[in-house]
Amino acid sequence: MSQRPGIPKGTRDFAPVEVAKRTYIINTIKKHFENFGFQPIETPSFENSETLMGKYGEEGDRLIFKILNSGDYLRKVDDKIYEDRQSAALTKYISEKALRYDLTVPFARYVVMHQNEIDFPFKRYQVQPVWRADRPQKGRFREFYQCDADVVGSNSLLQEVEFIQLYDAVFSSLKLEGTTIKMNNRKILSGIAEVIGAKDKLIDFTVALDKLDKIGAEGVQKEMLAKGITEEAIAKVAPLFNFNGTNEERLQQLETLLKDSEEGLKGIEELSFILKTIAALGLKTATLELDVTLARGLNYYTGAIFEVAAPAQVKMGSIGGGGRYDDLTGVFGLKNISGVGISFGLDRIYLVLEELGVFPESLEKTIDVLFINFGEEEALQSLKAVKTLREGGVKAELYPDNAKMKKQMNYANRRNVPYIIMIGGQELSDTTFVLKNMENGEQKTYPMTELSAVFK
RNA sequence: GUGGUUGUAGCUCAGCUGGUUAGAGCGCUAGAUUGUGGUUCUAGAGGUCGCCGGUUCGAAACCGGUCUUCCACCCCA
């Protein structure tokens, strides 16, 4: 009996064209990472559970793929725990390893483990798959690639400035124009929570605020009330619900709101510096926008928070995100090391480029030239030519069988081969070859000696 | 994790309130065309109707479960 083939939900196979397009994106990103001075590292696809658990909040723990222990793992489980059937409690007895959930936490672990070999500030990049036990949707998978660049060991806000330039450089290079880099600062969010007297409800407050563009001002107020934030407090933040104008104007409004919060004012100062510096340097195709409702990754971000939105005409969640985390390595025992980094969502960028039709056409081409097979002797002559071309860097191949011409031509067509070369009985005796342009159908006979020159 | 949605040929989809042998277009294979592809014509191959169970004389269709797809929450790249 043969079994029905299938792959787990949220995972994909990639065809040759898709791999070509993904490689194109990855190479573009890597090129810019290196251009900005980042160095690559890689970490294992799975980590000890304790390295990952508790780093992404309760929700995160649920989405981490756990790996079942090897061997007779149930034997070691306490009878009481086993009989209670509490999955969460049982997990730590039967699973000690888990698949990587993102690249930031493993990086923090790496920094702590290798602190004595690292020269700070350390700029690293990492392009590897991560796994989340999420329910798939458009642009959301259970296995996907993240492309991260982070700097640890520098408190300078110039790092934030560099990351904004990096986003701009990569997206411009990918012809993905019109992206919006949204920026906020954890200190501003804390400051707002402080001045409205809801400091203890920071997370609830920001999570609700983050939904402004989705559920509107009324929805946000409703959710805040439900989370126990008072009406007076909500009235104080009301100006944020109609927050517009230039970045400068927004900063001024914030300054008024946060005049009594030392932390909030610090956040404004940071944002102000970054905005001013970027304004002086200029961006190619991206727009930098101050967005006080942006509140992602609060479990570890302490300063700047970034998120990149695709051009408005594409309906897609964020295609990148990042921020500053002052104490990520703290949980692994290394204090006072500040980090800041950004991430590119490869799979989503792919979908956006596809939708906008901005992948280079050349990615569709598989080989430069196909030789038609006319029989044993002709094939040998063709193979000699193939060898010469390959040595010159031309992607060439000979059709393996002496099949009908139509079949061989069809094959060339389907593979988008731009040229074919025919060496049949006539050409064999003349030591010539026929070059045919598959696009316009033109063909011409050349002496064999001109083979390499033709492809220059 | 919650609620909903989807599944019929390789692909896109028809298939009536349950009723003979489940169809179309595209694609594929072969021929027309033994050294010339994309066009045209002709013929052909290809289906556990997602899977399991139930209702029924009879199920692709109705019901339950399950898997998958997509969507809204949650969260997030």
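Everything quoted here is computed from the prediction, not taken from an experiment. Quick note on labels: first sequence line is chain A, next is B, and so on, each numbered from 1.
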Requested in this report: For nucleotides C67(B) and G44(B), find the distance between their P atoms and express it as a whole number of Å.
Outcome: 42 Å

Report summary line: Residues passing the side chain to side chain contact (heavy atoms under 4.5 Å, CB included) test with T329(A), sequence neighbours excluded, are A108(A), V111(A), V112(A), L334(A), I337(A)

Query raised in the report: Which part of the nucleic acid, if any, lies within reach of E442(A) when heavy atoms closer than 4.0 Å are counted: base, sugar-phosphate only, or nothing?
Result: nothing

Requested in this report: Give a yes or no on whether the ring-centroid distance for F33(A) and F344(A) is below 6.0 angstrom.
Outcome: yes

**Report entry** Pairs involving residues 100-109 of chain A, ordered by first then second residue, that meet salt bridge (Lys or Arg N to Asp or Glu O under 4.0 Å) (sequence neighbours left out)
**Finding:** E47(A)-R109(A)

Report summary line: From CD of Q137(A) across to P of A72(B) the rounded distance in Å is 5 Å

Report summary line: Read 5' to 3' with Watson-Crick or G-U pairs under 3.5 Å, [ ] for crossing pairs and | for partners on another strand, RNA chain B gives ((((..(..((((.....[...)))).(((((.......))))).....(((((..]....))))))..))))....

Report task. Sorted by first residue and then second, give each salt bridge (Lys or Arg N to Asp or Glu O under 4.0 Å) pair with at least one member in residues 205-214 of chain A; sequence neighbours left out. Result -> D210(A)-R296(A), K211(A)-E223(A)

Query raised in the report: Which of residues 44-55 of chain A sit near RNA chain B, with a heavy atom under 4.0 Å from it?
Result: none

Requested in this report: Quote, to the nearest angstrom, the P distance that separates U21(B) from G25(B).
Outcome: 23 Å

Query raised in the report: Between N437(A) (CG) and U36(B) (C1'), how many Å, whole number?
Result: 14 Å

Query raised in the report: What about R415(A), does its side chain sit under 3.5 Å from the base of G37(B) through a donor-acceptor pair?
Result: no

Report task. Identify whether a stacking contact exists between F344(A) and A77(B), where the ring centres must be under 5.5 Å apart and the planes under 30° apart. Result -> no

**Report entry** F306(A) ring center near F163(A) ring center (under 6.0 Å)
**Finding:** no

**Report entry** Within 6.0 angstrom of F38(A) CZ, more than 12 heavy atoms from elsewhere
**Finding:** yes

Identify the pairs formed between an N or O of the protein and an N or O of nucleotides 6-8 of chain B at a distance under 3.5 Å, and give each distance.
none

